[in-house]
Amino acid sequence: MEENIWGEALSQFNRAANILKLDDQVVELLTNPKRIIQVSIPVRMDNGKIKVFQGFRVQFNDLRGPTKGGIRYHPNVTLDEVKALSFWMTWKNVVADVPFGGAKGGVICNPKEFSQGELERLSRGYIEAMHKFIGAEKDIPAPDVYTNPQVMAWMVDEYHRIEGHNVFGMITGKPLELGGSQGRAEATAQGGIYVLEEAIKKIGVKKPLIAIQGFGNAGKIVARLLSKSGFKIVAVSDSKTGIYKQDGLDVERVIAHKEKTKSLQGFKGVKEITNEELLELYVDILIPAALEGVITAKNVENIRAKIILELANGPVSAEARERLYAKGQVSIPDILANSGGVTVSYFEWVQNNMGYFWKEEEVLEKLKEKMVVAFDNVYSASKEFKVDLGTAAYIYAIKTMVKVLEYRGYIKR
Ligand code: GLU
């Protein structure tokens, strides 16, 4: 892993750019963000005092459509991180073949310490500060780490308050009752599973044991869906601890415990392990579904899983992906593995624009179709260029973007 996350994002891009022998002007065009917005958001806290939070939005590239990407609330948010995440969104949206550019937002805060009222005022404050730059045809936010449909609902309502009318397509990941789409809540996990099924067909692992890092929107739901289809989940973790049971966890009981106590700690009949230990377990499939930078040159030699499904953004460094590939392991890159989230966000936006909503089966069928095509495109590039799937995903996405640059007249055809 590069020391900083933006450096890491660039090094993923550069591996593919070097193979494609990209021209310097193209590299320059594709690696500089279009717009960086930083705002101070004053929030009245429950104790009556005002606290000022720093909020960011990076709109990296809008050459393929309005920019799109989630908003993260986390104490470790930095501009560098938001920039890297917006860069990843740009390439993810190409791989997923949704007509969007890439963006990301973030607020430095610890939402776990907030009351609902404080969370609402912060979320409204973010839109108040950013609304000029956001919109269904401009830039469309969505949930990310520690934001959810309720936060999206406050945001769409605040936009309504400012504009004087509803614009449901200005944000996705909304509740079903307020312009949301069937299947959006499970989309990241479900999309990941469709891709995983394709990978298993190619690689062939029988009766796999699975470990999942992270127990939020991606991790918890992927655990639930996989265990429902008969897969054995031997370990899961949240930000505080991991739990391990060799003959498989009862995932629904784990979810009930987590919802009740807000933690995995204290769950009976399991071995407590650390997040680091979880990554190094003897499992067939490892699913990092929390934060970036967890598998790097430092621990890659201890990673044993045959398939790594990157449901988080940026969990595996470019160098680690290459080393896994050399060891015969397969890391399915984030910009493919977790693109089910933004794919159903796209469906939500389409439904909002036409004011007509699809049934869940219809959404899932369309999602599966897109995920299978995305996997095939990346897999073919990996065979053609004899590179890991991460580099292959960038090769595929950059080649597409170069065509866009040509048609738009930035460079000669
Ligand atoms: N935050 C999610 C991601 O990283 C979803 C983005 C979206 O739906 O716009 O892909």
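Order of listing sets the numbers, starting from 1, for every ligand and every atom in it. All residue numbers in this chain count up from 1 along the given sequence.
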Exercise for review: Enumerate the atoms of ligand 1 whose separation from the nearest heavy atom of R184 is less than 4.0 angstrom.
Suggested key: 5 (C), 8 (O)

Check your understanding: Under 4.0 angstrom from ligand 1, any heavy atom of G69?
Key -> yes

Study note, to complete from the structure: The reported gap from CG in D144 to OH in Y73 (rounded to nearest 0.5 angstrom) is 11.5 Å

Revision key, fill the gap. When distances are taken from atom 8 (O) of ligand 1, the protein heavy atom at minimum range is S345 OG, 2.6 Å

Practice item. Please say whether the positively charged group of K83, taken as NZ for Lys or CZ for Arg, lies over the ring of F60, i.e. under 6.0 angstrom from the six-membered ring centre and within 45 degrees of the axis. Key: no

Review point. Do any heavy atoms of P143 fall under 4.0 Å from ligand 1?
Key: yes

Point to revise | Of Q351, E348, K174, the residue whose pairing with S181 passes side-chain hydrogen bond (donor to acceptor under 3.5 Å, both in side chains) | key: Q351

Practice item. May I ask whether K92 has any heavy atom positioned less than 4.0 angstrom from an atom of ligand 1? Key: yes

Review point. With a 4.0 Å cut-off on heavy atoms, does E348 reach ligand 1?
Key: no

**Study point:** Atoms in ligand 1 flagged as close to D144, the criterion being non-hydrogen separation under 4.0 Å
**Key:** 1 (N), 2 (C), 4 (O)

Check your understanding: Is it true that atom NZ of K34 has more than 12 heavy atoms of other residues, nucleotides or ligands lying nearer than 6.0 Å?
Key -> no

Review point. Which heavy atom of the protein is the closest neighbour of atom 7 (C) of ligand 1, given with residue, atom name and distance?
Key: A142 CB, 3.3 Å

Exercise for review: Tell me whether the guanidinium CZ or amine NZ of K104 lies under 6.0 angstrom from the six-membered ring centre of W88 and within 45° of its axis.
Suggested key: no

Revision key, fill the gap. Here the atoms of ligand 1 under 4.0 Å from any heavy atom belonging to K104 are 1 (N), 3 (C), 4 (O)

**Study point:** For G70, atoms of ligand 1 separated by under 4.0 Å from a heavy atom
**Key:** 1 (N), 6 (C)

Point to revise | Closest approach of any protein heavy atom to atom 9 (O) of ligand 1, naming residue and atom | key: K68 NZ, 2.8 Å

Review point. Between T147 and R72, do the side chains contain an N or O donor and an N or O acceptor separated by less than 3.5 Å?
Key: no

Exercise for review: With heavy atoms of M89 as the reference, note each atom of ligand 1 found under 4.0 Å away.
Suggested key: 3 (C), 4 (O), 6 (C), 10 (O)

**Study point:** Sole residue of T90, I36, T67 in side chain to side chain contact (heavy atoms under 4.5 Å, CB included) with Q59
**Key:** T67

Review point. Is the shortest N/O to N/O distance between N313 and ligand 1 below 3.5 Å?
Key: yes

